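This one's a predicted model, so the numbers in the text were calculated from it and none came from an experiment.
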Amino acid sequence: MEKHLTIMMIVFNELKWVKLSVESIRAMGDVDDIDLIIVDNCSTDGLRDWAVTQTDFTYVYMDEGMEAYGRIINRVRQELNISGALLVMEGHYAIVPGTLSHLMDALYRENGIGAVGVVSNGLSGNQKLPSSCTSYEAAVRYAGNSERRKERRVIGLAPDAVLLNTEVLDALGNFDENIFGYMHSMRDQCLRMIVGGYKIMLCEDAVLWDLMDQDIYLDNTNQFWRIDEDRKYLEYKWGMHYFQYLYNEDMISMIEESGDDEFNVLEVGCDCGATLFEIKNRYPNANIYGTDLNPGAVRIASVFAETCINNIEEKNLPWDEHFFDIIIFGDVLEHLRDPKGTLEYCKRYLRDGGRIIASIPNVMHVSVMEQLLKGYFTYTEEGLLDKTHIHLFTGKEIFKMFRSCGFEIERIESIFISVTEEQSKLIDHLLTLGRGTERFMYETFQYLVKAKAGAENV
């Protein structure tokens with residue numbers, strides 16, 4: 001039986017793009033039973049004048065002033081009695097052929113799926129189209145590639161376009177109206193689904209093309225969506241300062257086991273478990289374990305991994321020694337009082353030949369050198385000088401630490417970010433001053449390390 005689809009497009013001053021988006025839905029809407037609703041959150045760009053002349057969609061104007069994202073969804077759902085599948089999306093995306101039917105197939109593929117997300121040139125992380133997709137036509141070809149894996153479970157989705165199962169919404173309750181912006185509102189809803197036992201899927205052949213100029217988009221976001229207030233509220237609600245729902249692709253790429261191998265992997269500082277979750281997606285026979293200081297994060301990760309609330313420096317892991325094939329430290333060692341002692345302790349939990357995989361920020365990056373030469377060493381909320389960093393590392397210090405713990409470093413790779421022309425000139429000068437330094441040492445933002453435990457570990 002054909003399932004009903006409602007598209008709720010929530011827009012603000014996006015007339016040019018909304019017209020194109022609506023046209024794409026008219027042309028590419030390959031689901032028979034579709035209702036389109038345009039919700040205008042107080043636009044002033046003439047959208048209302050255009051929308052009231054259209055006859056094939058419902059137009060809703062928020063005439064009491066700009067409303068919170070979740071309240072809009074709750075209110076429109078109730079007033080229009082929306083059931084079935086609900087695609088909540090922004091108004092600056094064009095539909096690629098097949099996207100709507102692919103989303104519907106993914107949502108109803110099995111019981112217990114609460115939400116499905118898309119990929120797009122306008123999104124980031126695991127929801128971003130490959131850099132080779134530089135046009136709408138390239139996105140169409142990408143969506144039509146039947147050889148690519150099409151669906152996988154995730155723990156969170158970008159809010160730009162999410163297909164929701166309204167039966168799951170009814171079971172969980174309304175969106176939290178204390179959250180104003182779309183980003184944190186959808187993040188909260190995804191967390192509620194995970195904790196409630198529902199699945200969140202990413203459908204890789206559901207593709208949208210972002211039509212909007214990103215600079216304008218970011219200006220609108222920062223001006224209206226009260227990001228800081230929402231972040232504080234979510235921290236109060238969930239007990240987490242950071243909400244990492246994107247997995248670390250660089251660290252996963254250091255795992256070189258075969259796809260059907262069975263192995264045990266522990267992530268120290270697993271947060272909500274996004275990286276562990278993706279490891280399980282790629283290695284179905286892997287056994288995943290996680291530990292974190294934060295009870296809120298562990299509550300989420302425990303839905304799909306064996307976890308514990310733990311301070312690794314207290315050296316009280318609950319698992320047997322020589323149990324793990326891989327132990328992951330994703331931006332953790334720099335936060336520890338005794339990172340060397342922690343590595344030595346964790347070595348006891350590795351099987352013979354087991355590996356540590358770690359990502360570690362590089363304090364020798366040119367941006368830090370730039371500050372020092374001006375007399376500054378200013379800590380920040382995140383980044384290389386995150387105010388919670390206790391230890392600082394260079395590439396050579398990383399080598400020295402691992403080797404002193406009896407590890408054989410098998411791979412060390414650099415993660416780069418772009419440097420300015422002025423920073424590049426500064427590197428030229430620095431290279432004339434120091435012995436034993438190379439350009440990559442100043443350009444590396446973060447090091448990835450894979451180190452093997454020796455036979456004496458048995």
Side-chain angles (χ1 to χ4, degrees), residues 6-15 17-18 37-45 47-48 59-80 82 86-93 114-115 117 122-124 127 155-164 166 168-169 172-196 200 210 212 214-246 272 296 300 381-382:
T6 301
I7 301 175
M8 185 189 301
M9 191 181 293
I10 303 175
V11 301
F12 171 74
N13 283 348
E14 302 168 47
L15 174 60
W17 300 290
V18 169
I37 303 167
I38 307 292
V39 183
D40 186 346
N41 204 10
C42 295
S43 295
T44 58
D45 62 349
L47 175 61
R48 189 173 192 172
Y59 175 70
V60 178
Y61 185 80
M62 308 307 291
D63 52 10
E64 296 179 4
M66 181 171 276
E67 294 279 10
Y69 183 82
R71 187 169 188 270
I72 290 173
I73 297 172
N74 295 339
R75 179 177 166 184
V76 174
R77 274 193 69 212
Q78 181 180 14
E79 292 183 358
L80 298 183
I82 296 173
L86 172 63
L87 175 60
V88 180
M89 63 179 290
E90 296 185 51
H92 53 91
Y93 286 98
L123 300 179
S124 60
Q127 289 188 248
I155 68 168
L157 295 167
D160 302 55
V162 179
L163 184 65
L164 300 164
T166 60
V168 172
L169 294 184
L172 291 174
N174 284 336
F175 275 76
D176 189 334
E177 296 185 8
N178 292 303
I179 308 170
F180 191 86
Y182 69 108
M183 178 175 67
H184 288 99
S185 188
M186 190 62 73
R187 181 166 296 172
D188 175 72
Q189 196 68 16
C190 286
L191 292 177
R192 291 171 65 193
M193 287 183 182
I194 290 289
V195 172
I200 300 172
D210 193 352
M212 182 182 271
Q214 292 299 297
D215 292 334
I216 296 174
Y217 171 53
L218 291 173
D219 285 346
N220 283 344
T221 300
N222 292 331
Q223 184 177 358
F224 296 108
W225 289 125
R226 306 179 191 177
I227 293 173
D228 291 338
E229 292 89 338
D230 285 349
R231 184 183 290 118
K232 290 176 182 176
Y233 176 77
L234 276 192
E235 184 172 359
Y236 165 77
K237 180 175 180 177
W238 289 95
M240 291 183 285
H241 184 65
Y242 301 109
F243 293 84
Q244 183 55 266
Y245 67 92
L246 299 175
C272 297
I300 296 163
E381 284 294 320
E382 55 188 20

- Trace of the side-chain contact (heavy atoms from CB on, under 4.5 Å) decision for L47 with N13: CA-CA 7 Å; L47 175 61; N13 283 348; over 6 Å; no

To the nearest 0.5 Å, tell me how far [X] [atom1] sits from [Y] [atom2].
| X | Y | atom1 | atom2 | value |
| --- | --- | --- | --- | --- |
| R77 | N174 | CZ | CG | 6.5 Å |
| D40 | R48 | CG | CZ | 7.5 Å |
| L246 | C272 | CG | SG | 11.0 Å |
| I179 | R231 | CD1 | CZ | 13.0 Å |
| L86 | L163 | CG | CG | 7.5 Å |
| M8 | L87 | CE | CG | 10.0 Å |

Can you give me the closest heavy-atom contact between [X] and [Y], atom names plus distance?
| X | Y | answer |
| --- | --- | --- |
| A115 | V162 | CB-CG1, 3.9 Å |
| Q127 | L157 | OE1-CA, 3.4 Å |
| S185 | G181 | CB-O, 3.0 Å |
| G65 | C42 | C-SG, 3.2 Å |

- Message: For T6, run the side chain to side chain contact (heavy atoms under 4.5 Å, CB included) check against I82, V88, L80, V76 and tell me which one passes.
- Response: I82

- Task: With P159 as reference, evaluate Q189, R187, M183 under the side chain to side chain contact (heavy atoms under 4.5 Å, CB included) test and give the passing residue.
- Result: M183

Decide yes or no for [X] and [Y]: does some side-chain heavy atom of the first lie under 4.5 Å from some side-chain heavy atom of the second?
| X | Y | answer |
| --- | --- | --- |
| M193 | L169 | yes |
| I200 | I155 | no |
| V60 | R75 | no |
| F180 | E229 | no |

- Query: Taking only residues two or more places apart in sequence, or in another chain, which ones meet E235 in a side-chain contact (heavy atoms from CB on, under 4.5 Å)?
  - Reply: H241

Under 3.5 Å: donor-acceptor pair, side chain of [X], backbone of [Y]:
| X | Y | value |
| --- | --- | --- |
| E67 | M62 | no |
| R192 | L172 | yes |
| D45 | L15 | yes |
| N74 | F175 | yes |

- Message: Testing N178, D188, D228 one by one against Y233 for a side chain to side chain donor-acceptor pair (under 3.5 Å), which residue passes?
- Response: N178

- Exactly one candidate in K237, H184, R71 meets side chain to side chain donor-acceptor pair (under 3.5 Å) with D176; the answer is K237

- Go through Y93 and L123 one step at a time and tell me if the side-chain contact (heavy atoms from CB on, under 4.5 Å) criterion holds. CA-CA 11 Å; Y93 286 98; L123 300 179; 3.6 Å; yes

- Using the side-chain contact (heavy atoms from CB on, under 4.5 Å) rule, take I73 and I10 through it: C-alpha gap first, then chi angles, then the decisive distance, then the call. CA-CA 9 Å; I73 297 172; I10 303 175; 4.0 Å; yes

- I would like to know whether M240 and I300 meet side-chain contact (heavy atoms from CB on, under 4.5 Å); could you show each step before the answer? CA-CA 11 Å; M240 291 183 285; I300 296 163; 3.5 Å; yes

